[in-house]
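Working notes, structure below.
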Protein chains: 2
Amino acid sequence: MFFLKQLPTKAMVDKYSGIYCPEYAEKVTNQLKMMREASILVRQLDTYFASHNMSQLKFLILMVIDRELDRDWLYAVEISERLDVSKPVLSRAIKTLTEKGYLSTHKDSKDGRAVVLTLTQSGKSTLTTLLPDYFKILTNHSGEEQ
Amino acid sequence: MFFLKQLPTKAMVDKYSGIYCPEYAEKVTNQLKMMREASILVRQLDTYFASHNMSQLKFLILMVIDRELDRDWLYAVEISERLDVSKPVLSRAIKTLTEKGYLSTHKDSKDGRAVVLTLTQSGKSTLTTLLPDYFKILTNHSGEEQ
DNA sequence: TAAATATAGTTATCATGATAACTATATTTA
DNA sequence: TAAATATAGTTATCATGATAACTATATTTA
């Protein structure tokens, strides 16, 4: 999350960085602007998911399982290859999704350590319900602070 | 924070959104790409600040006080006008910064509710120390996942 | 093939984000 | 001018991010 509402002026960047170069100041403000815009969008999405007792991470977990082309399941470790999140956070989110009845888990027959994760019917329909407005929020976003 | 490493293909966006429009799919992937890029950058900055026992929020608090043109202090409520963060989170961050000796606080003479926040010498030098590499991280960022 | 190492996943703990509800003071309104 | 409302800031509580250290099983190496 990036909180700064008013970006620093070029003069401020020059002074603070000690580098008096228009391209440098422009690059800095562009990056700050991007972080700000993304933060606003992430927050909108978080609010949306929270109103459905979900979170972005949980939604993305359902999505990466669903979008798998050749299988209808993933190992947790495969999810962590697709989502850039720490193992304990992923572990907890999977536990919550299982408790909610969105994921079914069973031990892998070949590897005693691994857990096979499949979407339940409820998980699939939750994903399907959430998707349209998810895209709507993404695309309606103005790119401006309101 | 946005975790998805591999963006969905155009075909996936079409199917998931039910909207078969190239501009729509492109807008979606652009927004996802932006969130991903910003998340990577925010994470780099968080790591940087953590290595100095700081956080982005605490850094920005010091910065908005320092960059004030006509005064060398701000009320907490003024900081919350400049930073898009909830009051309790701001309150806690200010408390930590005061305990670290980076901020000095005293009651306002006119308004018994308000607290006047000023940078200490240590707060100023911490800000000055952190600024150059902060800009370096912002500008060195490749925009690619590594 | 036994010992060492790697891998899958969990538990404990902490930092930092949020909202709801609060205290204390200032301002507005009837 | 007393009562109602607004404002500044805090406390309690929860969700969700992280790392460190762990268990259990699989794989590699001597």
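Here is the naming used below: chain letters follow the sequence lines, and residue numbers restart at 1 for every chain.
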### Message
Is there a side-chain contact between B:Arg92 and the phosphate of D:dG9, meaning an N or O under 4.0 Å from OP1 or OP2?
### Response
no
### Message
Both B:Phe3 and A:Lys107 contact DNA chain D. Which one's nearest nucleotide lies toward the 5' end?
### Response
B:Phe3
### Query
In whole angstroms, how far is the P atom of D:dA15 from the CG atom of A:Leu97?
15 Å
#### Entry: Rounded distance (Å) that lies between atom C1' of D:dT16 and atom CD1 of A:Ile94
15 Å
### Task
Whole angstrom is fine here: how far is it from CG in B:Leu90 over to C1' in D:dG9?
10 Å
### Query
Heavy atoms under 4.0 Å, any strand shown: does A:Val77 hit a base, just sugar-phosphate, or nothing?
sugar-phosphate
### A:Gln56 CD - D:dT16 P separation (whole Å)
12 Å
### Query
Just wondering, are more than 12 heavy atoms of other shown residues or ligands nearer than 6.0 Å to NZ in A:Lys33?
no
#### Entry: Expected output: side-chain A:Lys5 to main-chain B:Glu81 donor-acceptor under 3.5 Å
yes
### Task
Round to the nearest Å and state the distance from B:Tyr75 atom OH to D:dA8 atom P.
10 Å
### From D:dA20, C:dG9, D:dG9, nucleotide with atom closest to A:Lys87 side chain
C:dG9
### Query
Which of these, A:Leu62, A:Thr96, A:Thr129, A:Asp46, sits in a side chain to side chain contact (heavy atoms under 4.5 Å, CB included) with A:Met54?
A:Leu62
### Query
Would you say B:Lys10's side chain and B:Glu26's backbone share a donor-acceptor pair under 3.5 angstrom?
no
### Message
I want to check one thing: is the phosphate of C:dG9, taken as OP1 and OP2, less than 4.0 Å away from some side-chain N or O of A:Ser91?
### Response
no
### Query
Would a distance-only check, ignoring hydrogens and angles, find a side-chain to backbone donor-acceptor pair under 3.5 Å from A:Tyr134 to A:Leu45?
no
### Message
Quick check on DNA chain D: between A:Ser55 and B:Val115, whose nearest nucleotide comes earlier from the 5' end?
### Response
B:Val115
### Query
Rounded to the Å, how far apart are A:Leu74 CG and C:dA8 P?
13 Å
### Message
Please name the nucleotide paired to D:dA6 by Watson-Crick or G-U wobble geometry with both distances under 3.5 Å, or report none.
### Response
C:dT25
### Query
If each of B:Asp111 and A:Met1 is mapped to the nucleotide of DNA chain C with the nearest heavy atom, which maps nearer the 5' terminus, i.e. the 5' end?
A:Met1
### Any strand: nucleotide that pairs with C:dA30 via Watson-Crick or wobble, under 3.5 Å
D:dT1
### Task
Return the value, rounded to whole Å, for the distance between atom NZ of A:Lys95 and atom P of C:dT11.
6 Å
### Query
According to a strict under-4.0 Å criterion, is B:Lys58 in side-chain N/O contact with OP1 or OP2 of C:dT16?
yes
### Query
Taking CE from A:Met54 and P from D:dA15, how many angstroms apart are they, rounded to a whole number?
15 Å
### Under 4.0 angstrom between B:Lys110 side-chain N/O and C:dT25 OP1 or OP2
no
### Query
Quick one: is A:Arg113 getting a side-chain N or O under 4.0 Å of the C:dA6 phosphate, OP1 or OP2?
no
### Query
Is there a Watson-Crick or G-U wobble partner for C:dT13 with both distances under 3.5 Å, and if so, which one is it?
D:dA18
#### Entry: Exam field: side chain A:Arg82 to backbone B:Gln6, donor-acceptor pair closer than 3.5 Å
no
